[in-house]
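What follows is a single structure, written as structure tokens, with notes after it.
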Amino acid sequence: VLRIRGVNMEIEMIERKTLKEKPAAGSELGFGKLFTDYMFSMVYEEGRGWHDAKISPYEPIPFDPSTSVLHYAQGVFEGAKAFKNEKGEIRIFRLAENFSRMNRSCDRMCMPRLDADFALKAVYRLVQLEKDWIPTAEGTALYIRPLMIASSAELGVHAAKKYLFFVILSPVGAYYKHGLAPTKIYVENHYARTVAGGTGEAKCLGNYAGSIKAAEEAQKKGYDQVLWLDGVHKKYIEEVGSMNIFFVIGDEVVTPALNGSILPGITRKSCLEILRANGYKVSERLLSVKEVVKAHKKGRLKEVFGTGTAAVVSPVGVLGVNGENLEVNGGRMGDVTKFLYDTVTGIQTGRLEDKFGWVTVL
Ligand code: COI
């Protein structure tokens with residue numbers, strides 16, 4: 001039994017009999033296909049709070065068929081990354097931000113908050129235990145996936161009385177199958193991801209289920225992902241399926257302002273902080289598709305890139321707008337995109353000094 005100082009809860013450790021085989025160094029990892037030996041979990045019951053914290057073998061979880069989350073998707077998740085560098089340092093990037101966002105998502109979904117400090121320490125323990133699973137090749141990381149779900153076995157549509165929180169770990173490579181090659185993004189003018197007052201700002205399960213149809217149709221047309229517009233007028237730019245989006249127009253770096261329906265990305269926030277600290281002209285504002293098309297026509301649309309934990313900083317080479325393909329920066333990664341990719345990954349891996357204090361070294 002492990003005791004975490006300052007938190008009135010113990011973590012029970014349940015060992016596996018045999019460990020899994022780890023992927024060979026340098027092998028293609030893909031995204032979220034392999035999982036480590038152990039997971040962290042704890043349960044919540046109304047009146048009792050969080051309890052039964054444990055690190056136990058990664059294995060299937062039995063569910064009652066009436067389990068609430070399976071029917072009504074009362075659940076939220078997060079995504080973070082741990083890195084190991086050539087010095088053998090284990091480095092976790094801005095995980096406290098993830099638990100703070102998770103708690104905001106919980107508020108929106110009528111779910112119990114976590115003790116963020118305890119959750120952080122539990123993940124640090126788990127990552128430490130699984131350190132041999134952290135890949136070290138360029139562009140790879142150990143992806144950390146926390147999930148909280150309604151686990152009561154009942155069919156009423158209301159907040160559940162029981163919840164399960166767990167964290168699983170997956171060694172990952174690039175999110176897109178072409179790695180850092182610029183992606184083709186389809187500007188979606190039919191389907192909507194969310195509307196003002198909806199759940200867009202929360203990292204809740206249903207937001208992602210609802211996005212698959214549009215993504216599949218865009219893929220059939222030869223695109224990698226869709227760019228979502230505001231759900232009412234389909235006029236203003238919001239975000240991409242798994243990333244926030246940035247545009248370099250003239251000398252201004254623009255990203256849509258957080259308006260309640262856009263996911264408040266941690267890589268988005270990090271890029272804004274890096275750009276501002278380096279003297280770039282940065283705006284978080286309303287940005288219409290019309291303005292982007294106009295800028296492209298005038299040769300002022302210099303770069304487009306997405307940001308996300310899984311996607312890191314990912315160049316966009318083509319924007320499909322109303323049947324027309326707008327090529328961005330000759331389909332190549334631009335200077336601002338490259339600067340941000342190098343800075344974010346540099347801080348994550350320790351190649352660059354962590355001036356912002358974003359990394360926890362275990
Ligand atoms: C992430 O970037 O970590 C995400 O959660 C996005 C996606 C993989 C669902």
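These numbers were taken from a predicted model, which means no experiment stands behind them. First listed ligand is number 1; within each ligand, the first listed atom is number 1.
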Nearest neighbour in protein (non-hydrogen) for atom 7 (C) of ligand 1: Ser242 CB, 3.8 Å

Closest non-hydrogen atom pair, Gln128 against Ile90: NE2-CD1, 4.2 Å

Ring geometry between Phe40 and Phe118 (parallel below 30°, tilted from 30 to 60°, perpendicular above 60°): perpendicular

Under 3.5 Å: N/O of Lys203 near N/O of ligand 1: yes

Part of Lys81 with heavy atoms under 4.0 Å of ligand 1, whether side chain, backbone, both or neither: neither

Distance flag, aromatic centroids of Phe31 and Tyr143, threshold under 6.0 Å: yes

Plane angle bin for Tyr208 and Phe77 - parallel if under 30°, tilted between 30 and 60°, otherwise perpendicular: perpendicular

Phe77 N/O under 3.5 Å from ligand 1 N/O: no

Atom indices of ligand 1 within 4.0 angstrom of Thr309 heavy atoms, with elements: 1 (C), 2 (O), 3 (O)

Glu78 near ligand 1 by a heavy-atom separation under 4.0 Å: no

Closest non-hydrogen atom pair, Val328 against Val304: CG1-N, 3.7 Å

Nearest neighbour in protein (non-hydrogen) for atom 8 (C) of ligand 1: Tyr175 CE1, 3.7 Å

Donor-acceptor side-chain pairing of Arg91 and Thr349 below 3.5 angstrom: no

Minimum heavy-atom distance between Val232 and Val195, given as atom pair plus value: CG2-CG1, 4.4 Å

Which residue and heavy atom of the protein sit nearest atom 2 (O) of ligand 1, plus the separation: Ala310 N, 2.8 Å

Subset of ligand 1 atoms that lie under 4.0 Å from at least one heavy atom of Arg145: 5 (O)

Pair Glu239 + Arg193: basic N to acidic O under 4.0 Å: yes

Sub-4.0 Å heavy-atom approach of Met243 to ligand 1: no

Atoms of ligand 1 close to Tyr143 [distance to a heavy atom under 4.0 angstrom, numbered from 1]: 1 (C), 3 (O), 4 (C), 5 (O)

Heavy atom of the protein closest to atom 9 (C) of ligand 1 (residue, atom name, distance): Tyr208 CE2, 3.7 Å

Derivation of the side-chain hydrogen bond (donor to acceptor under 3.5 Å, both in side chains) call for Asn325 and Tyr186: CA-CA 9 Å; Asn325 276 335; Tyr186 179 76; over 6 Å; no

Which of the ligand 1 atoms, numbered from 1, are nearer than 4.0 Å to a heavy atom of Gly79: 3 (O)

